[in-house]
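Heads up: the structure comes next, in structure tokens.
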Amino acid sequence: MAEYILVAVAWPYASAKIHTGNVTGSHLPGDICARYHRLKGDHVLMVSGSDSHGTPITVVADKEGRHPREVFEHFHQGFLELFQRLGISYDLFTHTDTENHHRVAQDFFLALLHKGYLYTQVEKQMYSETQRRFLPDRYVEGTCPVCGYEAARGDQCDRCNTLLDPTDLINPRSKIDGSTPVLRETEHFYLDLPKLARAGLTEWLQTGKEHWRPNVINFARQYVGEGLQGRPITRDLDWGIPVPVAGWEGKCLYVWFEAVIGYFSASIEWAHNHNRPEAWKDWWYNPSAKTLYFIGKDNIPFHTVIWPAELLGVERLYDDDPEHKLNLPYDVPANEFMNLEGQKISGSRNWAVWMDEALDRYDPDPLRYYLTAAMPETRDTDWLWEEFVRRNNDELVATWGNLVHRALTFAYRHFDGRVPTPGTLEDVDTSLLSRIEGGFEPIGDLIAGCKFRAALSEVMALAREANRYLETKSPWFQIKEDRQAAATSIYVALRAIDSLKILFAPFLPFTSEKLHRYLGYEGTLFGKPYTATFEEPGGRVHEALCYDNSPATGEWTPSQLPPGQPLQWPEPLFTKLDESIIEEEKARLGR
RNA sequence: CGCGGGGUAGAGCAGUGGCAGCUCGUCGGGCUCAUAACCCGGAGGUCCCAGGUUCGAAUCCUGGCCCCGCUACCA
């Protein structure tokens, strides 16, 4: 029975390039999950987009003297290209500066307002009289009241690490022009989280979370258990989504409030783009649909508490059926962080492996393989170039790649370039096949449960089994005495490889696709990514990454490799890497 | 300070009450179809420390030490 699976991936700020940590944290696990469910025949909708609002973008824009729109469009374009090269198969990767997202976010806001989950409150904020605008915390610096450091930021002192409020700073000054900001009162909307907690959020967190990662659910329960406070959801900004209330001109929705709504608005955009304007409801109102959110651990409160609270509060949107309620997250498999050579990733210090640059030098599947094998599922991990080379050479090249190569070239040379016809299978043959075919269910369950490292390591263990099988049968001896026996061995090996191709496919889509062709199949396992430009009624134009699943023929089932099928001469699936790249790559860091 | 996660062989990790496991590395052997690759065998651990519960603890309890993170408009 086909399920509806919504794969929701955290929206990257379009103010910096994407690095290995971003990929292993959210985009890659989301893609593995999506590809697996597509092979299973489920209805997958994988969405995300560039977060085009928020301070980081205005910071970059101010520094470069450009409009925030120019900044985010530049990075957004880069993301679209990157995800295609890396095989991150978004059904829709859009952004938040669309007519559609603005409208949906505003409707979300109004629905919460009408249901009584918003209230207003006056607070004091730093205001620049020279610039005639309110300053975000990070735009204010001054002397730290604790250690006396003169360049402390409004939110934290970089020397003594004390957490600060901009009002704590001695001699505060604007980072933009050095002028002295003043405190000024301003009114904002607040999300009434205590009320939403009583309305069902607390209860929802208490039941049916056995499949959640312990750190995620524990954190969420702790967060709510401490007693929630209302949080402001508007800001004095000119770059963002305007507050849709008369008299509130010049104020925008706070980025954390509206960005999460992107999962919902992107689903609607996807349906609209495909001329099935109601289709998004299959994932949002169907109670058996599963929605999975792939995020980094810093995002846990937003996805386990605040976003569910927004969904609960709104209850339903663009739908009149009183039975319909927006689906709350089925799972939030948040990852920890991936460090780099023992140190925290830092874009500003260039202590990062930028994904586009890595793809200039290495194939996507080895990168995906290492990023999966070292995925920070339960604890922080490290990207180590030495490990990347080792796993590529010892695991991809030596174990899986070589298994494929030795079996395919042998078949090609000795059996006329075709899949040989087997004789009667003996125990040793059927036991290998049942071992591998028996892997589909448990490995599928591991992927569905977001245990990607364990799943990948199980598949690799099966590839080792197949290597052992070849050693046991030694078709290179059999061929001299008993051609039929060799034919059986090679057939069994090829059939095992054909199954392994599918088991590896969610992780290594490019090489599985290649192998699919070498084994003589027509068609492709997966669909095709493409970019498209969309023009909205209001005249806005945006470019998005899309995915056409219609050509996909891959299925999550054991091989039925037909004897006699013509093979293609195989090129090696993976290339051995020279140890010298370890030092070369490390030398690029921190410069 | 508070809270969350973690500490298991040289490295990276599984393992929630019943003989401590996996991959890599290392040592020795085999084989040669294959990208000098693959296969077999060996060595290597006080499961962070100290107490406790139990017939039995890596696993449960108590206390401590150490690492990472969250409480930031920084994945």
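In what follows, every chain begins at residue 1, and chains take the letters A, B, ... in the order their sequences are listed.
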Next on the checklist: Set out, in order, the CA-CA distance, both residues' side-chain angles and the distance that settles side-chain contact (heavy atoms from CB on, under 4.5 Å) for V353(A) and E585(A), then state yes or no.
Outcome noted: CA-CA 9 Å; V353(A) 177; E585(A) 291 293 349; 5.9 Å; no
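When the C1' atom is compared between U8(B) and U23(B), the two are found 15 Å apart, to the nearest whole Å. Using atom C1' as the reference point in both G5(B) and G41(B), the two lie 39 Å apart (nearest Å). For the C1' atom pair drawn from G2(B) and U71(B), the interatomic distance equals 9 Å after rounding to whole Å. Between C55(B) and G17(B), the distance separating the two C1' atoms is 12 Å to the nearest Å. Taking the P atoms as reference points, U46(B) lies 44 Å from C33(B), given to the whole Å. Remark: the separation of the C1' atoms in G7(B) and G64(B) is 14 Å, to the nearest Å. Remark: the separation of the P atoms in G30(B) and G15(B) is 38 Å, to the nearest Å. Spacing of C1' atoms, C27(B) relative to G10(B), comes out at 14 Å, to the nearest Å.
A straight line from CD of E471(A) to C1' of G29(B) spans 13 Å, rounded to a whole angstrom. In this structure, CZ of F574(A) is placed 15 Å from P of U35(B), rounded to the nearest angstrom. Following rounding to the nearest Å, E341(A) (CD) and G12(B) (P) show an atom-to-atom distance of 12 Å. Taking atom CD on E395(A) and atom P on U23(B), their separation rounds to 10 Å, with Å as the unit. Across the protein-nucleic acid pair, N339(A) atom CG and C67(B) atom C1' stand 11 Å apart, rounded to whole Å. Taking atom CZ of residue R390(A) and atom C1' of nucleotide G12(B), one finds them 7 Å apart after rounding to whole Å. Summarising the geometry, the separation between CD1 on I300(A) and P on G5(B) is reported as 11 Å, rounded to the nearest angstrom. Here the P atom of nucleotide G69(B) and the CD atom of Q222(A) are 19 Å apart, to the nearest Å.
Pair check for A50(B) finds U62(B); Watson-Crick or G-U wobble, both atom distances under 3.5 Å. Using N1 to N3 plus N6-O4 or O6-N4 for Watson-Crick, or N1-O2 and O6-N3 for G-U wobble, each under 3.5 Å, G41(B) pairs with C27(B). Base pairing analysis places G2(B) opposite C70(B); the two distances defining the Watson-Crick or G-U wobble pair are each below 3.5 Å. With both pairing distances under 3.5 Å, C33(B) is matched to nothing as a Watson-Crick or G-U wobble pair. Across all strands shown, A57(B) forms no Watson-Crick or G-U wobble pair with both distances under 3.5 Å.
Counting only N and O atoms by type, the side chains of D429(A) and Y469(A) include a donor and acceptor under 3.5 Å apart. Using modelled atom types and a 3.5 Å distance limit, the side chains of W307(A) and Y293(A) yield a donor-acceptor pair. Side-chain contact of T234(A) with H188(A): a donor-acceptor pair under 3.5 Å is present, judged by distance alone. No side-chain N or O of R379(A) forms a donor-acceptor pair with one of N215(A) less than 3.5 Å apart. Residues S489(A) and Q478(A) bring a donor and an acceptor atom of their side chains to less than 3.5 Å of each other.
No contact: T24(A) has no heavy atom under 4.0 Å from any strand. Residue-level contact check: P572(A) touches the bases, meaning some heavy atom is under 4.0 Å from a base atom. Contact annotation for I345(A): base contact, defined as any heavy-atom pair under 4.0 Å involving a base atom. Residue contacts for D382(A): at a heavy-atom cut-off of 4.0 Å it reaches no nucleic acid atom on any strand shown. Within 4.0 Å (heavy atoms only), S26(A) reaches no atom of the nucleic acid at all. Residue contacts shown for V255(A) are absent, as no nucleic acid heavy atom lies under 4.0 Å away. Backbone-only engagement by A398(A) is indicated by non-hydrogen atom pairs under 4.0 Å involving sugar-phosphate atoms exclusively. Using a 4.0 Å heavy-atom cutoff across all strands shown, T399(A) reaches sugar-phosphate atoms only and no base atom. Within the 4.0 angstrom heavy-atom criterion, base atoms lie near Y254(A). Within 4.0 Å (heavy atoms only), M338(A) reaches at least one base atom of the nucleic acid. At a threshold of 4.0 angstrom between heavy atoms, the contacts of L573(A) include nucleobase atoms, whether or not backbone atoms are also involved.
Taking every side-chain heavy atom of R464(A) into account, C39(B) is the closest of C39(B), C33(B), G5(B). When the nucleotides C13(B), G5(B), G25(B) are ranked by their closest atom to the side chain of T381(A), C13(B) comes out on top. Relative to the side chain of R391(A), the nucleotides G4(B), C33(B), G12(B) differ in distance, and G12(B) lies closest. Each of C70(B), C38(B), U35(B) was ranked by its minimum atom distance to the side chain of F219(A); first place goes to C70(B). Considering only side-chain atoms of V397(A), the nucleotide from C70(B), G4(B), U35(B) that sits closest is U35(B). Here the nucleotide nearest the side chain of R379(A), chosen from C38(B), G25(B), G7(B), is G7(B). Nearest to the side-chain atoms of D394(A) among the listed nucleotides C70(B), C38(B), C24(B) stands C24(B). In the set C13(B), G5(B), C39(B), C13(B) carries the atom at the smallest distance from any side-chain atom of R453(A).
In terms of position along RNA chain B, the nucleotide closest to E387(A) lies nearer the 5' end than the nucleotide closest to the other residue of the pair F410(A) and E387(A). Map K576(A) and P301(A) each onto its nearest nucleotide of RNA chain B; the residue landing nearer the 5' end is K576(A).
Listed pair S474(A) / C39(B) fails the phosphate criterion, with no side-chain N or O lying under 4.0 Å from OP1 or OP2. Taking 4.0 angstrom as the limit, R468(A) places a side-chain polar atom (N or O) nearer than this to OP1 or OP2 of C40(B). Note on N218(A): every side-chain N or O is 4.0 Å or more away from OP1 and OP2 of C3(B). A close approach under 4.0 Å does occur between a side-chain nitrogen or oxygen of Y13(A) and OP1 or OP2 of C74(B).
Within a 6.0 Å sphere centred on CD of E386(A), heavy atoms belonging to other residues, nucleotides or ligands number 12 at most.
Classification of the F79(A)-F75(A) ring pair by plane angle, with boundaries at 30° and 60°, yields tilted. Taking the six-membered ring where the residue is Trp, Y127(A) and F134(A) present perpendicular rings, their angle passing 60° and hence far from 30°.
Judged purely by atom type and a 3.5 angstrom limit, Y370(A) uses its side chain to pair as donor or acceptor with the backbone of L384(A).
In terms of polar N and O atoms assigned as donor or acceptor, the side chain of E336(A) never comes within less than 3.5 Å of the base of G6(B) in a complementary pairing.
Where stacking is scored as ring centres under 5.5 Å apart with planes under 30°, W476(A) registers as stacked on the base of C33(B).
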